[in-house]
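Below you'll find the structure I mean.
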Amino acid sequence: MINVDVNCCVKVDQTIDKKKSIFREHQELVFSLVGGLFLVVAIILQKADLQAMAVGAFLASYLVGGFFKTKEGITELIEDKSLNVELLMILAAIGAAIIGYWIEGAILIFIFSLSGALETYTLNKSHREISALMELQPEEATVLVNGVEKIVAVTALQIDDNVLIKPGERIPTDGVIIKGQTTIDEAAITGESMPIVKRIGDNVFSGTVNRNGAITVIVTKTNDETLFHKIIELVQSAKEEKSPSQLFIEKFESAYVKGVLIVVAFMMFLPHYLLGWSWTETFYRAMVLLVVASPCALVASIMPASLSAISNGARNGILFKGSVHLEALSSVKAIALDKTGTLTKGKPEVTDILVRDGAQEDDFLYKVASIENHSTHPLAESIVNYVKNQDDTTFLSPENVEDVTGWGITATLEGKEYKIGKRSFIGDEEADHFYPNETAKLSESGKTLVYVADGEGIYGVIALKDTVRDVAIEAIRRFREAGVYSIMITGDHAQTAAAIADETNIDEYIANCLPEKKVEEVKGLKTKYGSVAMVGDGINDAPALATSNVGIAMGTGTDVAIETADVVLVKNDLSKIAKAIELSKRMNRIIKQNMIFSITVIALLIIGNFLQQVSLPLGVIGHEGSTILVILNGLRLLRG
């Protein structure tokens, strides 16, 4: 009886599949190098006066090295009914062989295929990054059903499911922690290497890693709506969308190729009659022209640079929905920013507490939180979370709780009646005598005051403020350094806007803006500055995002804002905008360098050919060498 090690067979199959996958990914490069090897063999045979064998080796070099480019050229000709640089190069190589310049033709094929393989490498690298992202998302999740663990597919997760995530596991869904505490590595979606401490009530994202504590998460988004899934979609769509420069080059290419073929056709006989060249020299110079006039380097000036820049941005938490938006970002002269959720955290936090003489602050907060725990108002939630963070304890159960819409809440606690809410809900006259100087200063600084009263009068005041994001001040500073004017556009009243503007050092603020007024303000800024970016996170920001030249959404913003925007900041890091602008300027600068360089090389080679100073080998090396150089120059954008 023969024993078969199934695991061993599986491993062998996986190894074979992996090798096949590597070959498929690099097959264009392999064919190019094999073609180059045949070229070397042919040259050796020719030196040994084995002409018949040398011709066979040259033909092999042509067929193997030129396979992919010939296939690409013919496919494009059939499908798009347009001429292309691939056909120019193949025709030039065949023409060189016809007049006996086998070596030059083979060198042309080899370098041309090598530059094509390098460009394919750029595309494959972008696809690998997407594939690597997709591999980070788990396929299964542990769902708790009545306390019992059940393994299900991630695609089967539903909103409000409770998912258990153990230490070391990747988080399978977007959700909120309802049990446990841990540190989470969010490098997969934010690029930040330092793990972040997460507690009850904090958001977690699919694809990130739970480092050291078991947590239970309630699902808030289905699999196809998670931030991780949207990152993949955005990066994929960005690869497919082309910039204005790329679209222009593609339109220009076909017309240019036709023009070159017409000129080459005339070159094949006119110099013989007009300049007295021999027929061999005339045909030779026509072939050289076919090589040096091809716009390979010009065509390769943009796409590798654009893909490299988009990949760089994705790696740093900046998602561009296409190179058109990346290209446009460099011309932005002003940036309009929403306040809540953009410049600020979007969640009010307790900043100050005032209690009447003789009262204990801890006792005051405990009673207020016990009552506010029965309210869904954002301010109430902030107060409850503040007290929980101070002391994770069990709250009292109030009686006769009544939520007075627009004003506050009333309740009975331990036999005493309490009112919590606005100043006027408690009583303006009584509030005027409760720490008047302190409350006036708190109001002037843009803070919201929550008054608490009991049977003895005002018990205390809690001041809350939507605090500025840590990176907002740094971001505004970097905008100013980049020469970009910054404007805060908010629906809040002028007093709050002024306080935030003062804290962030923003150049200008516009308050009391409803969604339609935000659109009007953005239109006005476009008239004044030309190119304007808008940054927002809410549904009310979507119209303004669509109106701006470049709309930028916060990664944890609403789906509408993310769908409308042209750029998404994964980690809500405003300082990344300055990096995106810098990346855009670098990309446009490199593209201009590539285009100027490639046009200059083509012009010099054409002039040199007419002066009979450029041989076919020199034309091949000059032309294809410039193509490789512009591709390598574009790949520099992968760094930084």
Side-chain angles (χ1 to χ4, degrees), residues 133-190 195-232 347 365-378 380-399 401 403 409 411 413 555-556 558-559:
L133 274 177
M134 296 178 74
E135 289 172 5
L136 293 177
Q137 187 168 26
E139 295 181 358
E140 295 180 331
T142 304
V143 177
L144 296 176
V145 182
N146 297 322
V148 178
E149 296 182 14
K150 180 182 178 183
I151 306 297
V152 301
V154 168
T155 52
L157 289 175
Q158 300 294 319
I159 292 174
D160 292 335
D161 279 352
N162 288 349
V163 178
L164 174 66
I165 302 140
K166 298 172 184 177
E169 291 183 345
R170 284 198 179 272
I171 295 172
T173 183
D174 283 10
V176 176
I177 298 176
I178 58 174
K179 183 180 179 182
Q181 177 177 318
T182 187
T183 54
I184 292 181
D185 181 356
E186 295 187 340
I189 61 171
T190 67
I196 299 170
V197 177
K198 297 278 187 174
R199 301 181 177 86
I200 293 174
D202 288 338
N203 291 310
V204 294
F205 302 104
S206 172
T208 58
V209 181
N210 180 21
R211 294 288 293 268
N212 56 17
I215 53 173
T216 303
V217 170
I218 186 168
V219 178
T220 56
K221 292 183 180 179
T222 55
N223 184 59
D224 59 347
E225 293 179 336
T226 63
L227 176 62
F228 193 79
H229 191 271
K230 286 183 178 179
I231 288 174
I232 295 171
K347 295 180 179 179
L365 286 172
Y366 180 60
K367 291 177 179 177
V368 172
S370 295
I371 296 171
E372 293 282 42
N373 196 34
H374 291 261
S375 173
T376 58
H377 194 281
E381 291 178 6
S382 296
I383 293 171
V384 172
N385 289 333
Y386 176 78
V387 176
K388 281 183 177 179
N389 289 334
Q390 301 296 314
D391 183 14
D392 192 5
T393 185
T394 304
F395 293 121
L396 299 172
S397 297
E399 301 173 352
V401 178
D403 200 337
I409 190 172
L413 187 67
T556 55
T558 61
D559 291 343

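Throughout, numbering of the chain's residues begins at 1 and tracks the sequence.
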Requested in this report: Drop me the distance from Arg170's CZ to Glu139's CD, to the nearest 0.5 angstrom.
Outcome: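 CD of Glu139 is found 13.0 Å from CZ of Arg170.
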Report task. Please round to the nearest 0.5 Å and tell me the distance separating atom CG of Asn162 and atom CG of Leu157. Result ->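 Taking CG in Asn162 and CG in Leu157, the distance rounds to 11.0 Å.
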Query raised in the report: In Å and rounded to the nearest 0.5 Å, what is the OG1 to CD1 distance from Thr216 to Ile200?
Result: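 Nearest 0.5 Å value for the OG1-CD1 distance: 9.5 Å.
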Query - With Thr222 via side chain to side chain donor-acceptor pair (under 3.5 Å) - residues at least two apart - result: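 If we apply the side chain to side chain donor-acceptor pair (under 3.5 Å) test to Thr222, skipping adjacent residues, the hits are Asp224, Glu225.
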Report task. Calculate, to the nearest 0.5 Å, the distance between atoms CZ and CG belonging to Arg199 and Asn385 respectively. Result ->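 Reported value, rounded in 0.5 Å steps: 12.0 Å.
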Requested in this report: Rounded to the nearest 0.5 Å, what's the gap from NZ on Lys388 to CG on Asn373? Could you check?
Outcome: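 So the gap between those two atoms works out to 5.5 Å.
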Requested in this report: Grab the two heavy atoms, one from Pro172 and one from Glu140, that are nearest each other, plus how far apart they are.
Outcome: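 Heavy atoms only, the tightest pair is CB-O, 4.1 Å.
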Report task. Locate the shortest heavy-atom distance separating Asp403 from Ser375; write the atom from each residue and the value. Result ->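 That closest heavy-atom pairing would be OD2-OG, 4.0 Å.
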Query raised in the report: Does Thr142 reach the side chain of Ile151, with side-chain heavy atoms less than 4.5 Å apart?
Result: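 Yes - at least one pair of side-chain heavy atoms lies under 4.5 Å apart.
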Requested in this report: Kindly indicate whether the side chain of Asp160, heavy atoms from C-beta on, has any atom under 4.5 Å from the side chain of Ile218.
Outcome: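 Yes, close enough: below the 4.5 Å cut-off.
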Report task. Mind listing the closest non-hydrogen atom pair of Leu413 and Ser370 along with its distance? Result ->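 Leu413 and Ser370 have their closest heavy atoms at CD2-CB, 4.4 Å.
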Query raised in the report: What's the spacing between Gln158 CD and Thr173 OG1 if we round to 0.5 Å?
Result: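 One finds 10.5 Å between CD of Gln158 and OG1 of Thr173.
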Query raised in the report: Are side-chain heavy atoms of Ile171 and Ile184 found at a separation under 4.5 Å?
Result: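 Result yes, sub-4.5 Å side-chain heavy-atom pair found.
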Query raised in the report: Which residues pass the salt bridge (charged side-chain N to carboxylate O under 4.0 Å, His left out) test with Glu149, sequence neighbours left out?
Result: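 Partners of Glu149 by the salt bridge (charged side-chain N to carboxylate O under 4.0 Å, His left out) criterion, ordered by chain and then number, come out as Lys166.
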Requested in this report: Examine distances only and state if a side-chain atom of Asp174 and a backbone atom of Lys221 form a donor-acceptor pair shorter than 3.5 Å.
Outcome: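 Flag not set: sc Asp174 to bb Lys221 has no pair under 3.5 Å.
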Requested in this report: Determine whether Val401 and Ile409 make a side-chain contact, defined as any pair of heavy atoms from C-beta on separated by less than 4.5 Å.
Outcome: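 A side-chain contact exists here, since the closest heavy-atom pair is under 4.5 Å.
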**Report entry** Distance-minimising heavy-atom pair for Ala380 and Glu372
**Finding:**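 Closest approach of Ala380 to Glu372, heavy atoms only: CB-OE1, 3.3 Å.
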